Amino acid sequence: MSLDAVLSKIDEDLEQATDRLFELLRIPSISTDPAFKGDCDRAADWLVKDLESLGFSAAKRATPGHPMVVGHSGQNGPHVLFYGHYDVQPVDPLNLWHRDPFDPAVEETPAGKVIRGRGSSDDKGQLMTFVEACRAWKAVHGTLPGRISIFFEGEEESGSPSLIPFLKDNAEELKADIALICDTGLFDRDTPAITTMLRGLLGEEIVITGPDKDLHSGMYGGAAINPVRVLARIIAGLHDDTGRITVPGFYDGVAETPDEIRAQWEALGFDADGFLADVGLSKPAGEEGRSVLEMIWARPTCEVNGIAGGYAGDGFKTVLPSEARAKISFRLVGTQDPLNIRENFRAYVRSMLPPDCTVEFHDHGAGPASVMATDDPAFETARQALSDEWPREAAFIGSGGSIPVAGYFKEILGMDSMLIGFGLDNDLIHSPNEKYDLRSFHKGIRSWARILHALNS
Ligand code: BES
Ligand code: ZN
């Protein structure tokens with residue numbers, strides 16, 4: 001079967017493909033905010049219709065949260081399950097965007113053309129690379145290659161509450177020979193990658209209460225305990241002076257990176273200074289004595305994602321607040337046990353509470369790290385196909401982000417995952433002005449066409 005004709009079709013059709021992506025990007029499918037529930041539903045409908053136009057039997061599948069989209073095509077040949085998520089992160093702070101986040105456009109930048117808009121990179125632009133590869137294939141050959149199932153989720157950015165029950169209830173239908181997950185990045189502009197290590201994630205929110213009402217800080221200050229001060233001490237105590245996390249037992253299950261992997265990473269020539277300089281930084285702030293790549297791919301972290309208490313609005317208010325809160329997340333590696341860490345973290349927080357203070361904990365999810373098995377021959381096939389498309393050989397890399405579905409595919413469906421994506425570190429995912437390079441979109445579509453061709457040869 002001719003691959004060249006499919007690749008040419010992709011090149012010819014890029015503008016229309018971009019327009020189709022824009023239709024999806026215009027739907028503000030923010031999963032975490034109930035105000036956008038109808039939009040999540042609309043995004044799912046849009047995808048069902050698009051998949052049907054390619055010959056998939058596709059349907060929107062209800063869950064207690066946002067719907068899943070599932071589609072199937074073909075009976076014979078290798079069976080792949082393609083996963084992406086159609087939900088996006090909230091857009092705030094809106095004033096930092098230089099255009100409406102849901103009015104996408106191609107913009108010229110010094111580094112080339114980019115598609116600007118929320119979800120352009122995470123993950124609508126990425127999932128459409130696969131859909132567009134299917135479209136070009138179908139246009140050239142009249143059918144789709146092999147056996148393809150599609151699985152789009154609408155709750156990834158809000159902790160996937162419906163995912164496990166859905167996988168359990170539909171295990172037979174969803175199990176394939178291998179899953180293809182398109183929600184990760186390139187190693188750099190020219191080097192494609194298959195991500196084989198993902199960090200786990202534990203989310204905790206703590207609410208500390210002192211006095212039973214907000215007080216005048218002149219009348220009560222000095223005599224009354226201030227929960228913001230208590231919270232600040234707790235947070236300050238989470239790291240020691242060398243950047244290590246102090247929660248007891250935290251490093252159980254964290255192994256040193258094997259020399260062989262370390263050597264592979266060295267050979268990638270990661271530009272740590274450039275990585276930091278891109279975001280206005282110059283000094284790595286993780287554990288002493290570790291490389292930047294190790295810090296983000298192979299070491300666990302504890303970060304404060306949000307903090308609130310008292311008056312932080314315009315002007316000034318001499319308040320002694322009743323309450324202080326923080327959202328704290330831990331990225332996990334190796335065999336670190338999220339539930340154990342949660343328990344030890346909570347015990348630490350309780351041990352730091354002075355008299356008259358109480359704490360409430362809210363659970364924001366817990367999942368372990370995962371390492372992909374790379375012995376399936378599909379890995380070598382895909383690595384070769386990617387290397388044919390991009391200027392440099394494809395690399396096996398780690399990722400600092402978390403994609404819990406890969407672990408669930410293994411656990412619930414017994415299926416390995418290949419994580420292939422075309423995002424860049426400077427795509428500003430989850431931030432204002434998110435973008436996806438037009439080159440990522442274009443070469444991403446071509447990459448999937450090559451991979452599908454190679455898997456079916
Ligand atoms: N696509 C990202 C994960 C990612 C980020 C992969 C950077 C590679 C590089 C995904 O949508 C995401 O943001 N996941 C969340 C986890 C989820 C449980 C909220 C994350 O990593 O914070
Ligand atoms: Zn994502």
Side-chain angles (χ1 to χ4, degrees), residues 24-25 29-33 43 65-66 82-91 117-130 151-164 180-188 191-205 270 275 278-279 293 295-298 300-306 327-333 338 363-370 372 395-409 417-431 434-436 440 444:
L24 182 59
L25 290 174
S29 46
I30 302 172
S31 59
T32 196
D33 185 341
H66 303 302
F82 179 83
Y83 168 93
H85 61 91
Y86 68 77
D87 63 321
V88 299
Q89 284 277 335
V91 294
R118 175 56 93 227
S120 55
S121 176
D122 189 10
D123 185 42
K124 291 171 174 172
Q126 301 243 70
L127 72 81
M128 287 304 287
T129 57
F130 189 84
F151 177 35
F152 294 144
E153 189 192 357
E155 299 184 322
E156 197 273 348
E157 300 290 12
S158 46
S160 303
S162 310
L163 183 59
I164 293 178
L180 305 173
I181 299 181
C182 190
D183 196 19
T184 51
L186 301 165
F187 172 69
D188 64 24
T191 317
I194 302 180
T195 297
T196 61
M197 295 167 66
L198 291 165
R199 291 198 287 194
L201 187 61
L202 167 67
E204 284 280 278
E205 183 171 357
F270 179 66
F275 174 74
D278 261 359
V279 292
L293 217 46
M295 286 175 188
I296 52 177
W297 288 356
T301 65
C302 164
E303 294 298 343
V304 182
N305 301 119
K327 293 178 199 274
I328 296 176
S329 63
F330 297 87
R331 297 279 168 180
L332 309 178
V333 303
D363 162 356
H364 286 276
S370 48
M372 308 304 132
F396 285 173
I397 66 170
S399 168
S402 305
I403 305 179
V405 71
Y408 302 143
F409 280 161
S417 296
M418 256 195 317
L419 293 131
I420 297 172
F422 313 99
L424 286 169
D425 289 337
N426 68 7
D427 280 354
L428 299 170
I429 64 172
H430 296 202
S431 299
E434 177 177 351
K435 60 90 175 160
Y436 197 42
S440 286

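Whatever order the structure lists ligands and atoms in, that order sets their numbers, starting from 1. It should be emphasised that the depicted structure is a prediction, and the values quoted were computed from it without experimental measurement. In this chain, numbering begins with 1 at the start of the sequence shown.
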When you measure from the side chain of Glu434 to the backbone N and O of Arg118, does any donor-acceptor pair fall under 3.5 Å? no

Below 4.0 Å, non-hydrogen atoms only: which portion of Arg331 touches ligand 1? Side chain, backbone, both or neither. side chain

Could you check atom 4 (C) of ligand 1 against the protein and tell me its nearest heavy-atom contact, residue, atom and distance included? Asp183 O, 3.9 Å

Report the angle formed at the Zn ion (ligand 2) by atom NE2 of His85 and atom OD2 of Asp183, rounding to the nearest 10°. 80°

For Glu157, counting its heavy atoms only, list the atoms of ligand 1 lying under 4.0 Å from any of them. 11 (O), 12 (C), 13 (O)

Is there a heavy atom of Asp123 sitting under 4.0 angstrom from any atom of ligand 1? no

of all protein heavy atoms, closest to atom 7 (C) of ligand 1 is Ile429 CD1, 3.9 Å

Yes or no: does His85 have any heavy atom under 4.0 Å from an atom of ligand 1? yes

Just need the protein heavy atom nearest to atom 15 (C) of ligand 1, so name the residue and atom and give the distance. Ser402 O, 3.7 Å

Main chain of Glu157, side chain of Asp87: is a donor-acceptor contact present, judged purely on distance under 3.5 Å? yes

Under the side-chain contact (heavy atoms from CB on, under 4.5 Å) rule, what do Phe409 and Phe151 come out as? Steps first, then yes or no, please. CA-CA 12 Å; Phe409 280 161; Phe151 177 35; 3.8 Å; yes

Distance-only, no hydrogens or angles: does the Ser440 side chain make a donor-acceptor pair with backbone N or O of Phe422 under 3.5 Å? yes

Which part of Asp122 is near ligand 1, with near meaning a heavy atom under 4.0 Å away: side chain, backbone, both or neither? side chain

Do the side chain of Ser29 and the main chain of Tyr86 share a donor and acceptor less than 3.5 angstrom apart? yes

Shortest reach to atom 8 (C) of ligand 1 by a heavy atom, considering only Ser399, Gly401, Cys182: Ser399

Do the side chain of Glu205 and the main chain of His364 share a donor and acceptor less than 3.5 angstrom apart? no

What is the closest protein heavy atom to atom 11 (O) of ligand 1, and at what distance does it sit? Glu156 OE1, 2.8 Å

What do you reckon, does His430 put a non-hydrogen atom under 4.0 Å from ligand 1? yes

Which atom of Asp122 approaches the Zn ion (ligand 2) most closely (N/O/S): OD1

Kindly say whether Phe275 contributes a backbone atom to a donor-acceptor pair with the side chain of Asp278 at under 3.5 angstrom? no

Do Glu155 side-chain atoms and Ser31 backbone N/O form a donor-acceptor pair below 3.5 Å? no

Taking only residues two or more places apart in sequence, or in another chain, which ones meet Thr301 in a side-chain hydrogen bond (donor to acceptor under 3.5 Å, both in side chains)? none

Short N/O distance, under 3.5 Å, between Thr184 and ligand 1? no

